[in-house]
Amino acid sequence: MTRKMFEKQKQATGEGGTSLQAGNDIKVIQNIGLQFSEVKEIFHLLLSENFPKLREIACQTATQNIENYLEKFEHKFAQNFNRIDVEKIKDPDIQFSFNEVVEASARKGEKTDSDVLSELLIERMSKTSNDFISIVSSEGIKIVPKLTAEHISFISLVHYLSSVQHTGLTDPIGLEEYASMIVGLTDNSFNLSRSNKQYLQFTGVLTSLNFSADDFKDITKNRYDFLKNIGNEELERTLEQKAPSYKKLMDIYISCEIYNIRLTAVGQMIALANLKRVLGNLDYSIWIN
């Protein structure tokens, strides 16, 4: 709803509340908690439909898992409220994704990545999400519960090294700032076994194309103009001194055979949802189109 702003008139409202403000006219201002209450009601309904015959202790655990998830989701819902088309909450296709999240959260609790699930769910409700991104997000919601934290970190690492270029950087120090965040986010996947990578291929988030190794030093120089005119040995020395985290990622690119891996659209979607934790807002359509 719209409202007129009057000088020296301010009013706060609590969660789920409605405020009235006087001036030339009165407008009703609804707190986003009223919108989220509808989501919460749907989740509870889906829980009761999915798990009608659980024993009491299992039912209590499932219910608590959902409450824990909803507490986190409500925070993310509020943070991203301007992105969300609240009318989509009523869409049966969106509610089907709600059902997927309810099942995953109730059964697995903290073992599933609630933050990535929430980001994918919000993207499904986004005002700007196109049909293809919505479909890919929906598939991502189905797959995330099948992945460990290390799996999600690994595909995030693959996407960052293979497909992300930072604009506006003028020196290695800026590169180090981003690289250190990526190392912190993904270092639990640096020793991921071949069997785990084969499992990821089975889930449909990546493919192995058996390419010959690309030289990541050349990739780096092509991405960043301030490094393009220096030799490979000088590049390594510069990065070791000024961007050691990026140098570490450069080595991981070879040791983890990142050059041999390509992510599917679903893999990219999950990776981006996770990378948003450290890189902030990302436009999915740059990569998924």
Side-chain angles (χ1 to χ4, degrees), residues 72-73 75-77 79-80 83 101 112-126 128-130 132-169 174-192 196-197 200 203-207 216 219-220 223-224 243 245-253 256-259 261-289:
K72 296 175 184 176
F73 185 51
H75 179 67
K76 199 163 186 72
F77 189 91
Q79 281 185 321
N80 293 274
R83 285 173 59 195
V101 173
T112 193
D113 195 319
S114 60
D115 195 65
V116 171
L117 277 178
S118 294
E119 173 58 32
L120 295 174
L121 197 52
I122 285 170
E123 186 57 29
R124 287 228 64 198
M125 295 185 286
S126 171
T128 59
S129 181
N130 60 42
F132 182 55
I133 289 178
S134 184
I135 290 169
V136 174
S137 299
S138 177
E139 291 303 308
I141 288 169
K142 296 176 185 177
I143 291 174
V144 166
K146 301 175 184 178
L147 306 179
T148 66
E150 291 78 14
H151 292 151
I152 292 175
S153 293
F154 184 74
I155 61 176
S156 302
L157 177 68
V158 171
H159 183 75
Y160 181 80
L161 293 178
S162 302
S163 304
V164 175
Q165 175 180 344
H166 300 291
T167 58
L169 297 185
L175 198 56
E176 170 65 13
E177 182 179 350
Y178 288 110
S180 63
M181 292 190 291
I182 298 302
V183 169
L185 182 70
T186 65
D187 62 353
N188 62 335
S189 70
F190 287 174
N191 296 312
L192 196 70
N196 275 279
K197 293 173 187 175
L200 287 173
T203 66
V205 299
L206 62 79
T207 59
F216 199 70
I219 293 173
T220 297
R223 286 179 179 173
Y224 302 107
S245 297
Y246 190 85
K247 175 60 168 63
K248 185 171 187 176
L249 291 176
M250 182 181 287
D251 295 337
I252 290 294
Y253 181 83
C256 287
E257 300 179 342
I258 303 297
Y259 55 82
I261 296 169
R262 294 294 180 270
L263 299 184
T264 63
V266 176
Q268 287 182 313
M269 194 77 202
I270 296 170
L272 287 164
N274 189 45
L275 287 169
K276 288 187 75 169
R277 283 178 160 136
V278 295
L279 297 182
N281 289 331
L282 297 170
D283 183 352
Y284 292 106
S285 64
I286 292 174
W287 296 276
I288 302 171
N289 50 52

Q: Decide side chain to side chain contact (heavy atoms under 4.5 Å, CB included) for L117 and F73; before the verdict, give the C-alpha distance in whole Å, the side-chain angles of both, and the deciding distance to 0.1 Å.
A: CA-CA 9 Å; L117 277 178; F73 185 51; over 6 Å; no

Q: How many angstroms lie between CE in M269 and CD in E119, if you round to the nearest 0.5 Å?
A: 7.0 Å

Q: Side-chain contact, heavy-atom cut-off 4.5 Å: I219 with Y259?
A: no

Q: Do the non-hydrogen side-chain atoms of I182 and L275 ever get within less than 4.5 Å of each other?
A: yes

Q: Could you walk me through whether H159 and V164 pass the side chain to side chain contact (heavy atoms under 4.5 Å, CB included) check?
A: CA-CA 7 Å; H159 183 75; V164 175; 3.8 Å; yes

Q: In Å, rounded to the nearest 0.5 Å, how long is the span from OG1 of T186 to CG of N274?
A: 9.0 Å

Q: Between L263 and A271, what is the shortest heavy-atom contact and its length?
A: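 In this case the closest contact between L263 and A271 is CD1-CB, 4.2 Å.
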
Q: Determine, for D115 against K72, whether the closest basic-nitrogen to carboxylate-oxygen distance falls under 4.0 angstrom.
A: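 So D115 does not pair with K72 through a salt bridge.
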
Q: Side chain to side chain contact (heavy atoms under 4.5 Å, CB included) between V278 and Y160: does it pass, once the steps are laid out?
A: CA-CA 12 Å; V278 295; Y160 181 80; over 6 Å; no

Q: Of all heavy-atom pairs between I258 and S162, which one has the smallest distance, and what is that distance?
A: CG2-OG, 3.7 Å

Q: In Å and rounded to the nearest 0.5 Å, what is the CG to NZ distance from L175 to K247?
A: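 The NZ atom of K247 is 13.0 Å from CG of L175, to the nearest 0.5 Å.
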
Q: Parallel, tilted or perpendicular: which describes the rings of H166 and Y178, with under 30° parallel and over 60° perpendicular?
A: parallel

Q: Drop me the distance from T203's OG1 to I270's CD1, to the nearest 0.5 angstrom.
A: 7.0 Å

Q: So do F216 and L249 actually touch side chain to side chain, heavy atoms under 4.5 Å?
A: no

Q: Can you tell me if N191 has over 12 outside heavy atoms packed within less than 6.0 Å of its CG?
A: no

Q: Can you find a heavy atom in the side chain of F154 that is under 4.5 Å from one in the side chain of N196?
A: no

Q: Do you know which two heavy atoms are closest between V205 and I155, and how far apart they sit?
A: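 V205 and I155 have their closest heavy atoms at CG2-CG2, 4.0 Å.
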
Q: Quiz question: by atom type and distance under 3.5 Å, do the side chains of T148 and H151 form a donor-acceptor pair?
A: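 Short answer, yes.
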
Q: Report the distance from atom CZ of R262 to atom CD of Q268, rounding to the nearest 0.5 Å.
A: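 Answer for the CZ-CD pair, R262 versus Q268, is 10.5 Å.
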
Q: Minimum heavy-atom separation for A273 and L120, please, with both atom names.
A: CB-CD2, 4.0 Å

Q: Under 4.5 Å between any side-chain heavy atoms of S129 and Y284, yes or no?
A: no

Q: If I take atom CG from residue L272 and atom OG from residue S137, how far apart are they, to the nearest 0.5 angstrom?
A: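 L272 atom CG to S137 atom OG measures 10.0 Å (nearest 0.5 Å).
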
Q: Can you sort out the partners of N281 under side-chain contact (heavy atoms from CB on, under 4.5 Å), two or more places apart, ordered by chain and number?
A: K276

Q: Once salt bridge (Lys or Arg N to Asp or Glu O under 4.0 Å) is applied, what residue pairs with a partner in residues 140-158 remain, sequence neighbours excluded?
A: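 Found E139-K142.
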
Q: Would you check if there is a donor-acceptor pair between the side chains of T220 and Y246 at a distance under 3.5 Å?
A: yes

Q: If you compare all heavy atoms of R124 against all heavy atoms of S134, which two are closest, and at what distance to 0.1 Å?
A: NH2-OG, 2.9 Å

Q: Answer yes or no: is there a donor N or O on one side and an acceptor on the other, between the side chain of W287 and the main chain of S163, under 3.5 Å?
A: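 Judged by distance alone, yes, a pair lies under 3.5 Å.
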
Q: Compare every heavy atom of I133 with every heavy atom of E123, then report the nearest pair and how far apart it is.
A: OE2-CG2, 3.7 Å

Q: Using a 3.5 Å distance criterion without hydrogens, assess whether the side chain of K248 forms a donor-acceptor pair with backbone atoms of A179.
A: no

Q: Got a sec, which residues hit salt bridge (Lys or Arg N to Asp or Glu O under 4.0 Å) with D187, two or more places apart in sequence or on another chain?
A: none

